[in-house]
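The shown structure was predicted, so the numbers you read here are calculated from the model rather than taken from an experiment.
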Amino acid sequence: MVWVQQYDPFHFLPASALVALLPILVFIFSVAVFRVKMIVAASLVLVLSILLAVIPFGMPVLTALSAALYGFFYGFLPIGWIILNVVFLYRLTVKSGAFNTMRASITSITPDARLQLILIGFAFSAFLEGVAGYGTPVAISAALLVGLGFAPLSAARLCLIGNTAPVAFGAMGTSLAVAAQVSHVNIDKLSMIAGGALPILSLVALVCMVVLLSGVKGAREVFPAMVVAGVAFAGAMSATALFVGIQLPAITSGLFSMFALTVFLRFWQPKNIVAFADHAPIFPAKIDTPPITLLSVARAWFPYVLLTAVIILWSSRAFQSWFTNHAFFSAASWSIDMPFLHQTVVQTAPIVLTDTARDAVFKFDTINALGSGIFLSAWIAAMLLKVKVKDTARLFGQTCRDLIPMIFSIGLILAFATVANYSGMSSTVALLFSKIGALYPLLAPGLGAFGVLLTGSDTSSNALFAPLQAAVAGQIGVSDSLLVAANSLGGAAGKMISPQSIAVACAAVGLLGREGDVMNATLKISLVFAALSGIAVLVLSWVI
């Protein structure tokens, strides 16, 4: 079936754009003003978007429903399956006690608070973002720092800043994967742009953290360590994004930075040691330090070493080729041709668009799905960590119960984004924004930051606004991959002032009721990061 999009139903662009924006505005007010639960707000917006796509924008009912199913399947299965299993693996390490050994191995490296901040609030936080995400890095890192003597407000603020750059990749690259899916841009190009821009942002975050903690003079005293950690972090992130893909940059950057700094600190320590009075007696999350041996540390870290190896294997072309048509395991992967989504876009006054055709094929993977590889890693890790099969199964069931509402919400948001994309609503709004012209790239990251403020998630922000960014790019003549990546960059800046992130940080360090203080402490930094991202995107728009 071929259908024609009606991009300007009212023949007056501002009116059409306002109608197209209505689902997003409803979502904003539902979540930010009326405090409606995410799953309820997403359901409401999906229904509204289908009605608007069908009535004013002329989208056939069956086409709208097919688009919604297409987006929901992608959010619930590939993305949700990944999220579920990375959290499952993380909980296994906590249950077995391996996580206590992991954090003790980090905190025993140096007594200096500045270096502990780099190790925990910067490198370890990035690693946790890659393997779990969704608030886990800030909560764990901030609690660790408070247990080491950091003031709670300072720990929350610094960890929110340190978690900035890895957020754009998200857990196992889900943030950029969603952006590529809903905007139909090349995921390898997204990875390359993010791998070039985010390391620079990470270095800014590192310097900012240490200067805020100890001043310029204090930061100068640990400058050699900052160089080692920062170069290792940025180099690993860039190399992984360029040559491996979007799944591992946060993990490898955190691991390489921790390893490089640990080795360096065996030969160098600052002349002046900065340490804080121990706040742990008044804080319930005091660290229990298990005996540290080479064997116990290797055993504790092995699940994530295994996870990294499995992701590299599962992401390789050689492995995936086993599941292509007529290959040995081809029966384990099949494609579903979504009906009614063979779309023809034509010229409709007053808007000129290039003719194109887009087929919607949902690929259903089983064994070769990345989430399945992570699931396998988790069960192997459970055997190594000597967690009983019964306890492992019970923990997996509990993880499913805890995360299904969140995964369902992501599916609904992706469903709304897909309907908006296929109906022409995203393109209509993009046409209005394109009137800003060549300066729009300067503002593009701000839209991503705004999305994270609303949803608390860079993944959800990309689901909402990545199609819009790609459509604007087509109208102003810049790279669509660049503006979609800009949405994720801006989301990283907005993450540190997201109400959800701040709530997690405050709960972790015992500052419930003082969320306003934490937001005030990070607001200026967030605006600076968003501005730097905008400048970088504007410059790149001239050369890409």
- prompt: Can you list the steps and then say if L44 with S30 is a side-chain contact (heavy atoms from CB on, under 4.5 Å)?
  reply: CA-CA 9 Å; L44 176 64; S30 298; 4.2 Å; yes

- request: Show the numbers, then the answer: is there a side-chain contact (heavy atoms from CB on, under 4.5 Å) between L22 and L48?
  value: CA-CA 8 Å; L22 191 58; L48 178 59; 4.2 Å; yes

- request: Show your working on side-chain contact (heavy atoms from CB on, under 4.5 Å) between T252 and F127 and close with a plain yes or no.
  value: CA-CA 7 Å; T252 55; F127 169 77; over 6 Å; no

field: Working for side-chain contact (heavy atoms from CB on, under 4.5 Å), residues L255 and I251
entry: CA-CA 6 Å; L255 285 176; I251 293 176; 3.8 Å; yes

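Residues T366 and S372 form no side-chain contact, since every pair of their non-hydrogen atoms from C-beta on lies 4.5 Å or further apart. Counting only heavy atoms from C-beta outward, the side chains of S49 and L52 never approach each other to under 4.5 Å. Taking the side chain as every heavy atom from C-beta outward, L89 and N85 never approach each other to under 4.5 Å. Contact check for I187 versus L176: no side-chain heavy atoms found under the 4.5 Å cut-off. Between N163 and E129, the closest side-chain pair of non-hydrogen atoms falls below 4.5 Å. Under the 4.5 Å side-chain criterion, counting only non-hydrogen atoms from C-beta, L376 is in contact with W314. Residues M496 and T164 are in side-chain contact: their nearest non-hydrogen atoms beyond the backbone lie under 4.5 Å apart. Looking only at side-chain heavy atoms (C-beta outward), L306 and I380 come within less than 4.5 Å of each other.
Nearest heavy-atom pair across F57 and S16 is CZ-O, 3.9 Å. What you find for I39 and P405 is that their closest heavy atoms are CD1-O, 4.0 Å. The two residues A179 and L190 have their closest heavy-atom pair at CB-CD1, 4.2 Å. Minimum interatomic distance between L412 and A42 (heavy atoms only, all atoms of both residues): CB-CB, 3.7 Å. The two residues L447 and F465 come nearest to each other via the heavy atoms O-CD1, 3.6 Å. Between I50 and A68 the shortest heavy-atom distance is CD1-CB, 4.2 Å.
A distance-only check finds no donor-acceptor pair linking the side chain of S238 to the backbone of G196 [under 3.5 Å]. In this structure a side-chain-to-backbone donor-acceptor pair under 3.5 Å is missing from S66 to L62. A donor-acceptor pair is defined here as one N or O able to donate and one able to accept, closer than 3.5 Å; no such pair exists between the side chain of T240 and the backbone of M237. In this structure, the side chain of N462 engages the main chain of S175 through a donor-acceptor pair within 3.5 Å. Between the side chain of S202 and the backbone N or O of P199 there is at least one donor-acceptor pair closer than 3.5 Å.
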Indicate every side-chain donor-acceptor pair of residues 533-544 with a distance under 3.5 Å to a residue at least two apart or in another chain.
| unit_1 | atom_1 | unit_2 | atom_2 | d |
| --- | --- | --- | --- | --- |
| S533 | OG | F529 | O | 2.9 |
| S541 | OG | L538 | O | 2.5 |

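Q469 and D480 share no side-chain donor-acceptor pair at under 3.5 Å.
Note that CG of N368 and CG of L313 are 11.0 Å apart. Values are rounded to the nearest 0.5 Å. Note that CZ of F233 is 9.0 Å distant from CG of L198, once rounded to the nearest 0.5 Å. Here the CG atom belonging to L482 is positioned 11.5 Å from the CG atom belonging to N487, to the nearest 0.5 angstrom. Rounding to the nearest 0.5 angstrom, the gap separating the CZ atom in F88 from the CG atom in D402 is 13.0 Å. Here the straight-line distance linking atom OG of S479 with atom CD1 of I193 works out to 4.5 Å at 0.5 Å rounding. Note that OG1 of T399 is 7.5 Å distant from CG of L92, once rounded to the nearest 0.5 Å.
Using cut-offs of 30° and 60° for the angle between ring planes, the W322 and F319 rings count as tilted.
Screening residues 185-199 for side chain to side chain donor-acceptor pair (under 3.5 Å), with sequence neighbours left out, gives no hits.
Aromatic pair W81/F375: ring centres closer than 6.0 Å.
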